[in-house]
Amino acid sequence: MQLLPGFRDFFPDDCARRNYILEMWRAVARRYGFVEYDGPVLEPMALYEKKSGGEIVGQLFDFTDKGARHVAMRPEMTPTLARMVAARERDFKKPLKWFCVPQFFRYEKQQRGRLREFYQLNCDIIGEASSAADAEMIAVLIDMLRGVGLGEKDFVVRLSSRTAWQEFFAQAGGKSEDEYEFFQIVDKAERNPPEKTDAALAKFSLTAQQVLDFMRSKTATAELAPILADLTARGLGGFVEIDYAIVRGLAYYTGVVFEVFDRSKNERALAGGGRYDKLLSLMSDGKVDLPALGFGMGDVVLANLIDDTPAAKAQLDAWLARERAADVYVVIAKEERRAEALGVVQQLREAGHRTDFPLTAAKVGKQFRTAEQLGARLTVLIGDEWPQVKVKTLATREEVLVDAGEVLAFLQRKS
RNA sequence: GUGGCCGUAGCUCAAUGGUAGAGUCCCAGAUUGUGAUUCUGGUUGUUGCGGGUUCGAGUCCCGUCGGUCACCCCA
């Protein structure tokens, strides 16, 4: 049987690599004072239709359940988060700093950096309108990437704002109801040929040249300047660049938006996010009106970039080696001593040593080879010497005879 | 959703239209209780699947499934 397209088996090594990223995300988020939440993997289809109309429906894993409910595997977290916050918003002190590491499902054709199933870190700050929240959000994002060994040479946060484009559009005489259409044109202006952009902009009496000129101006607006100052004060200024080419595709973004790219631009965006100050009100039919911002970062592109960045790869490999290494391998040299060996194994395990041993009789040479392959630091050989055992440090090949009752204490001294 | 390229052993890959192979991995062994290397032996395939052309198809053609890259989209 083949896998479904875009889905992954996680063999132990794959699973360890995934956990490396997920554990780092959680560690950094907590370090920044974010708390973890989660929601259902399956949601009513209506939850996603409410926010975005119907166009994303084609990219959902949706079906009718046995109770005739139209349901969808979650493709994103924001609607769930909005529902949760709207339901119990008054229980929590503002601002909320929440994160989540959900698995998402999107029915799209897979390609590099995009599968039909993936993990995505979501960080959100809700109930804080000041630019300090934007800076905090970008800072945690930067440290997520630094946490896996990526540096200023490897990635850059491209910071922009829809507010800046709103002002640009308004000054050119544009109406606010046309804003979203205008944003879409801007979003594509770098990729499309100028003639095409000119044609699209004609109805607004604008030209591609005007848009591109503004896009390439690197001056921070009054909205963005304090964010840059905040990040610079943290020593993180070098990770951020103003880039008005970033507008993001979604309709609900209201102000600051940002995306993270690898410097070589070999990969898709590593992360993206921004302010969505009106969304909670929209999702809760006006019951809850709180400013909010957040970002998402997927595991697939990040894993690709780690693999392609030597320093990050080395850090990952070192972590993997530690992660899978056994601590002690108990060698049963005389099968008649298996009962005694089992006692020692149990004792070691109860003391917290990661311990393994041969389940069936095997030659001593083979057992040492297995110990080596498992990455064990020590072997405890049990045989004719009983009630003494031989403790060997594999790296140095040094071997010591120890009373069986003293093994634990001996290992304690060795570590 | 559209298009290009690709699909052979668990993995990496060979094989002019003419008997499906190598390396690696794994397993066993090479003086009774000590790890690398080395040596010997062994397991593994409806050549993704289904049709067609041909005396003969891994190879050519069509379809299909899967992979990959680009476009689209990107929550």
What's the closest nucleotide to the [X] side chain, out of [options]?
X	options	answer
A:Lys390	B:rG33, B:rC73, B:rG67	B:rG33
A:Lys366	B:rA36, B:rU34, B:rA28	B:rA28
A:Tyr252	B:rC73, B:rA36, B:rA75	B:rA75

[N] versus [M] - spacing of their [atom1] atoms, nearest Å:
N	M	atom1	answer
B:rG45	B:rA9	C1'	6 Å
B:rU43	B:rG21	P	13 Å
B:rA20	B:rA57	P	11 Å
B:rG10	B:rC25	C1'	8 Å
B:rU54	B:rG66	C1'	28 Å
B:rG7	B:rU47	C1'	9 Å
B:rC62	B:rC6	P	13 Å
B:rG4	B:rA22	P	37 Å

Nearest whole Å is fine: how far is [N] [atom2] from [X] [atom1]?
X	N	atom1	atom2	answer
A:Asp14	B:rC11	CG	P	13 Å
A:Gln111	B:rG3	CD	P	16 Å
A:Phe295	B:rA75	CZ	C1'	15 Å
A:Arg268	B:rA75	CZ	P	10 Å
A:Asp9	B:rG67	CG	P	12 Å
A:Gln373	B:rC27	CD	P	7 Å
A:Ile382	B:rU34	CD1	P	17 Å
A:Glu336	B:rG33	CD	C1'	12 Å

Just to confirm, is there a sub-4.0 Å distance from OP1 or OP2 of [N] to any side-chain nitrogen or oxygen of [X]?
X	N	result
A:Lys363	B:rA30	yes
A:Gln110	B:rU68	yes
A:Arg114	B:rC74	no
A:Arg112	B:rU68	no

Cation-pi geometry met for A:Arg18 and A:Phe10 (6.0 Å, 45°):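 Flagged: A:Arg18 positioned over aromatic ring of A:Phe10.
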Taking the nucleotide of RNA chain B with the closest heavy atom to each, which residue, A:Met77 or A:Phe7, is nearer the 5' end?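 The residue mapped nearer the 5' terminus is A:Phe7.
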Let me know, please, whether A:Gly113 or A:Arg191 comes out on the 5' side of the other along RNA chain B by nearest nucleotide.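 Checking each residue's closest nucleotide, the 5'-ward one belongs to A:Gly113.
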Using the salt bridge (Lys or Arg N to Asp or Glu O under 4.0 Å) rule, take A:Arg8 and A:Asp14 through it: C-alpha gap first, then chi angles, then the decisive distance, then the call. CA-CA 9 Å; A:Arg8 298 172 281 182; A:Asp14 309 311; over 6 Å; no
Have a look at A:Tyr252 and tell me which of A:Phe183, A:Tyr180, A:Tyr276 forms a ring-ring contact (aromatic ring centres under 6.0 Å, His included) with it.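 Of the listed residues A:Phe183, A:Tyr180, A:Tyr276, the ring-ring contact (aromatic ring centres under 6.0 Å, His included) partner of A:Tyr252 is A:Tyr276.
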Assign A:Gly6 to base, sugar-phosphate, or nothing according to its heavy-atom contacts below 4.0 angstrom with the strands shown.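 Sugar-phosphate contact only.
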Does A:Arg106 reach a base, just sugar-phosphate, or nothing at all? Heavy atoms under 4.0 Å.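 Contact class for A:Arg106: base.
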Does A:Glu43 come within less than 4.0 Å of A:Arg83, counting only side-chain N to carboxylate O?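 A:Arg83 and A:Glu43: salt-bridged.
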Spell out yes or no: do the side chain of [X] and the base of [N] have one donor N/O and one acceptor N/O closer than 3.5 Å?
X	N	value
A:Glu399	B:rU34	yes
A:Glu385	B:rG33	yes
A:Lys109	B:rG3	yes
A:Gln120	B:rA75	no

Name the pairing partner of [N], where a pair is Watson-Crick or G-U wobble with both distances under 3.5 Å, or state none.
N	result
B:rU32	none
B:rA70	B:rU2
B:rU53	none
B:rG7	B:rC65
B:rA22	B:rU12

Can you check whether A:Ala314's main-chain N or O pairs, donor with acceptor, with A:Asp317's side chain at less than 3.5 Å?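 It does not hold such a pair.
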How are the rings of A:Phe182 and A:Phe168 set relative to one another: parallel (under 30°), tilted (30 to 60°) or perpendicular (over 60°)?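 The rings of A:Phe182 and A:Phe168 lie parallel, inter-plane angle below 30°.
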Of A:Asp289, A:Leu81, A:Thr78, A:Ile126, the residue whose pairing with A:Leu280 passes side-chain contact (heavy atoms from CB on, under 4.5 Å):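 Of A:Asp289, A:Leu81, A:Thr78, A:Ile126, side-chain contact (heavy atoms from CB on, under 4.5 Å) with A:Leu280 is met by A:Ile126 alone.
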For A:Gln209 and A:Thr207, does a side-chain donor sit closer than 3.5 Å to a side-chain acceptor?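 Note: A:Gln209 and A:Thr207 side chains miss the donor-acceptor criterion.
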